[in-house]
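Right, one structure below, let's go through it.
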Amino acid sequence: MTYATLIGLLSATGLRPGEALALDTGDVDLQSGILAIRESKFGKSRFVPVEDSTRAALARYAKQRDELCSRRATEAFLVSDRGGRLHGCAARRTFAKMSCAIGLRAPTGSRRTGRGPRLQDFRHSFATRRLIEWYRAGLDVGRELPKLATYLGHVDVGHTYWYIEAVPELLQLATERLGGRQPGGEQ
């Protein structure tokens, strides 16, 4: 239940894995759908709004968590099966094992989990999906990018531009836009 919620939260919000794991119950406003990200990377804090479907999923998790673990040892929002804060190394290891189990990672034959998707990749997918949506909608991505940078908690919008270069489809869309052509070859 906790890992399904963690993966859904990362996918829906683009949070850094450490930001999601650091959330306390007081940081998750289930009424308004606002997450308080406190002193994250570079000591920055921000508020992150979430879609209604994400808010509802977080509320379901909180209800089930509280029913199953009424006496928690922490104020953490995401908890382990023992009621403590879910830690990054355990979350990464469990995600790697899950990825092996469903065939996203090749088994190594040892205790190591091999190479494959990481929890951080949900953040990259979130950002690139948003940029692709903006390009396809014909929005001025240059004007929209500072919004995404703020939402993601980047200290410099230049860090957000990296996503355009990292994904061939995005690079093509950006190149077409700069060349004055709309995607699909229209002038």
Check: With no hydrogens and no angle check, is any side-chain donor or acceptor of T94 less than 3.5 Å from a backbone partner on A91?
Finding: no
Next item on the list: Tell me, with the steps shown, if V79 and L86 meet side-chain contact (heavy atoms from CB on, under 4.5 Å).
Entry: CA-CA 5 Å; V79 297; L86 192 62; over 6 Å; no
Next item on the list: Spell out, as yes or no, whether a donor-acceptor pair under 3.5 Å connects the side chain of T128 to the backbone of H124.
Entry: yes
Check: Looking only at heavy atoms, which two atoms of T13 and Y151 are closest? And how far apart?
Finding: O-CE2, 2.9 Å
Checklist line | Between CG on residue L21 and CG on residue L78, distance to nearest 0.5 Å | finding: 6.5 Å
Next item on the list: Just jot down the salt bridge (Lys or Arg N to Asp or Glu O under 4.0 Å) partners of R16, sequence neighbours excluded, or say none.
Entry: E19
Notebook entry, point to check: Hey, what do you get for OH (Y3) to CG (L9), rounding to the nearest 0.5 Å?
Noted result: 14.0 Å
Next item on the list: Indicate yes or no for a side-chain donor-acceptor contact from R46 to the backbone of I37 under 3.5 Å, with no hydrogens or angles considered.
Entry: no
Item checked: Test item: I34 and V28 side chains (from C-beta on) under 4.5 Å apart, heavy atoms -> no
Check: Considering residues at least two apart in sequence or located in another chain, which fulfil the side-chain hydrogen bond (donor to acceptor under 3.5 Å, both in side chains) criterion with S45?
Finding: none
Notebook entry, point to check: Restricting to pairs with a member in residues 44-69, which pass ring-ring contact (aromatic ring centres under 6.0 Å, His included), not counting sequence neighbours?
Noted result: Y61-F77
Margin query: Does anything in residues 73-92 form a side-chain hydrogen bond (donor to acceptor under 3.5 Å, both in side chains)? List the pairs, not counting sequence neighbours.
Written below: D24-R85, T25-E75
Notebook entry, point to check: Can you pull the salt bridge (charged side-chain N to carboxylate O under 4.0 Å, His left out) pairs that have at least one residue in residues 149-159, sequence neighbours excluded?
Noted result: none
Check: Hey, does R38 have a side-chain heavy atom less than 4.5 Å from the side chain of D27?
Finding: yes
Next item on the list: Quick one: pull up OG in S99 and CG in D121 and give me the separation to the nearest 0.5 Å.
Entry: 9.5 Å
Check: In Å and rounded to the nearest 0.5 Å, what is the CG to CZ distance from L10 to R123?
Finding: 10.0 Å
Margin query: Applying side-chain hydrogen bond (donor to acceptor under 3.5 Å, both in side chains), can you list everything that pairs with T54, at least two apart in sequence or on another chain?
Written below: none
Check: Under the salt bridge (Lys or Arg N to Asp or Glu O under 4.0 Å) test, which residues partner E51, sequence neighbours left out?
Finding: none
Margin query: Would you say L6 ends up clustered with L104 if hydrophobic residues are merged whenever their side chains have heavy atoms under 4.5 Å apart, either directly or through other cluster members?
Written below: no
Next item on the list: List in chain and number order the residues that pass salt bridge (Lys or Arg N to Asp or Glu O under 4.0 Å) with R72, two or more places apart in sequence or in another chain; answer none if no residue qualifies.
Entry: D66
Checklist line | Listed partners of A56 passing side-chain contact (heavy atoms from CB on, under 4.5 Å), at least two apart | finding: R60
Margin query: Among residues at least two apart in sequence or on other chains, which ones pass salt bridge (Lys or Arg N to Asp or Glu O under 4.0 Å) with K41?
Written below: none
Check: Can you list the residues that meet the side-chain hydrogen bond (donor to acceptor under 3.5 Å, both in side chains) rule with R129, with sequence neighbours excluded?
Finding: none
Check: So which heavy atom on Q120 is nearest to which on P17, and how close?
Finding: OE1-CD, 3.1 Å
Notebook entry, point to check: For E133 and R130, what are the C-alpha separation, side-chain angles and deciding distance, and is it a salt bridge (Lys or Arg N to Asp or Glu O under 4.0 Å)?
Noted result: CA-CA 5 Å; E133 288 171 9; R130 179 69 56 203; 3.0 Å; yes
Next item on the list: For residues L152 and G14, report the shortest heavy-atom separation together with the two atoms involved.
Entry: CD2-O, 3.7 Å
Item checked: Pairing residues for K63 by the side-chain hydrogen bond (donor to acceptor under 3.5 Å, both in side chains) criterion, not counting sequence neighbours -> E67
Next item on the list: Quick one: closest heavy-atom pair of L145 and W134, and the distance?
Entry: N-CZ3, 4.1 Å
Next item on the list: Verify side-chain contact (heavy atoms from CB on, under 4.5 Å) between D29 and L35, making sure each step is shown before the conclusion.
Entry: CA-CA 6 Å; D29 185 336; L35 306 178; over 6 Å; no
Notebook entry, point to check: Do M1 and I7 share a hydrophobic cluster, counting only Ile, Leu, Val, Met, Phe, Trp and Tyr and linking them when any side-chain heavy atoms are less than 4.5 Å apart?
Noted result: yes
